[in-house]
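Report on the structure given below.
We're numbering straight along the sequence, starting at 1. Hydrogens, waters and symmetry mates play no part in the numbers below; they use all other heavy atoms, side chains included.
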Amino acid sequence: MAEGERLICASGALAEAGRGVRFEVEYFGAPAPAFVVRQAGKVHGYLNRCAHVAMELDWREGEFFDVAGIDLVCSTHGAAYHPASGQCLGGPCNRTPLVKLEIEERGGSVYFMGFEDG
């Protein structure tokens, strides 16, 4: 499923626990929404698809964090996810994690490298 390295955005576009950057990837042969966010100084990326019901997480475009800026939250049903691992922390996601992307940050830019193996 890997489509190779692709530039997503400049590193400066991602503030700590702030707005994420949305982009699109190919997932099982179809276009799928994805996003990157920064937390604890690192950039993390996921498919923009709640593990509970395949709906986009952000409550407003690029808004993925809870009010405190700690966890990623699905705006539809309140499922909460750990920003660094994508693990379900509570709510209707029933321990199912988000689909994690392999992301690299270097030279002032953020790149999509493919999908993590698991």
Side-chain angles (χ1 to χ4, degrees):
M1 285 182 286
E3 58 182 60
E5 178 179 308
R6 184 161 51 101
L7 175 66
I8 299 170
C9 63
S11 293
L14 296 172
E16 181 71 23
R19 286 181 67 91
V21 172
R22 293 170 49 108
F23 62 104
E24 195 170 88
V25 297
E26 185 176 314
Y27 188 63
F28 287 105
F35 68 95
V36 288
V37 292
R38 183 182 303 282
Q39 196 212 31
K42 292 193 69 181
V43 178
H44 306 282
Y46 300 97
L47 282 187
N48 191 0
R49 183 179 292 170
C50 182
H52 167 232
V53 175
M55 299 182 76
E56 294 183 8
L57 277 78
D58 40 347
W59 56 278
R60 202 168 32 178
E61 187 170 330
E63 300 289 343
F64 297 97
F65 282 100
D66 61 13
V67 184
I70 297 170
D71 299 324
L72 303 175
V73 177
C74 175
S75 64
T76 304
H77 298 113
Y81 302 92
H82 190 275
S85 67
Q87 291 300 311
C88 172
L89 299 173
C93 47
N94 196 27
R95 299 187 187 159
T96 304
L98 296 173
V99 176
K100 190 157 180 61
L101 308 179
E102 185 180 342
I103 302 295
E104 283 188 19
E105 182 176 24
R106 64 179 186 282
S109 296
V110 176
Y111 297 89
F112 168 68
M113 304 302 290
F115 293 85
E116 288 206 353
D117 292 333

ILVMFWY cluster, Val99 and Leu89 together (side-chain gap under 4.5 Å): no

Heavy-atom closest pair, residues Gly78 and Pro92: C-CD, 4.4 Å

Separation between NE2 of His82 and NE2 of His44, rounded to the nearest 0.5 Å: 8.0 Å

Residues Glu56, Arg49: salt bridge by 4.0 Å N-O rule: no

Side chain proximity check, Pro33 to Leu47, heavy atoms < 4.5 angstrom: no

Smallest separation among heavy atoms of Gly45 and Val36, with atom names: CA-CG1, 3.9 Å

Minimum heavy-atom distance between Ser109 and Leu7, given as atom pair plus value: CB-CD1, 3.6 Å

Any pair counted as salt bridge (charged side-chain N to carboxylate O under 4.0 Å, His left out), so long as it reaches residues 31-48, sequence neighbours left out: Arg38-Glu105

Pairs touching residues 86-116 that satisfy disulfide (SG to SG under 2.5 Å), sequence neighbours left out: Cys88-Cys93

Point-to-point distance, once rounded to the nearest 0.5 Å, from CZ of Phe112 to CD of Glu102: 8.5 Å

Neighbour count >12 (heavy atoms, 6.0 Å) for atom CZ, Arg95: no

Smallest separation among heavy atoms of Gly41 and Glu16, with atom names: N-OE1, 3.0 Å

Which atom of Ala34 lies closest to which atom of Leu101, heavy atoms considered: CB-CD1, 3.7 Å

Heavy-atom pair with the smallest gap, counting every atom of Glu26 and Gly29: OE2-CA, 3.5 Å

Co-members of Val37 in a cluster of I, L, V, M, F, W and Y side chains, linked at under 4.5 Å: Phe35, Tyr46, Leu57, Phe64, Phe65, Leu72, Tyr81, Leu98

Donor-acceptor contact below 3.5 Å, side chain Asp66 vs main chain Ala68: yes

Same apolar cluster: Val67 and Trp59, side chain cutoff 4.5 Å: no

Ile8 CD1 to Glu104 CD distance, which is reported to the nearest 0.5 Å: 10.5 Å

Distance (rounded to the nearest 0.5 Å) between Arg22 CZ and Asn48 CG: 5.0 Å

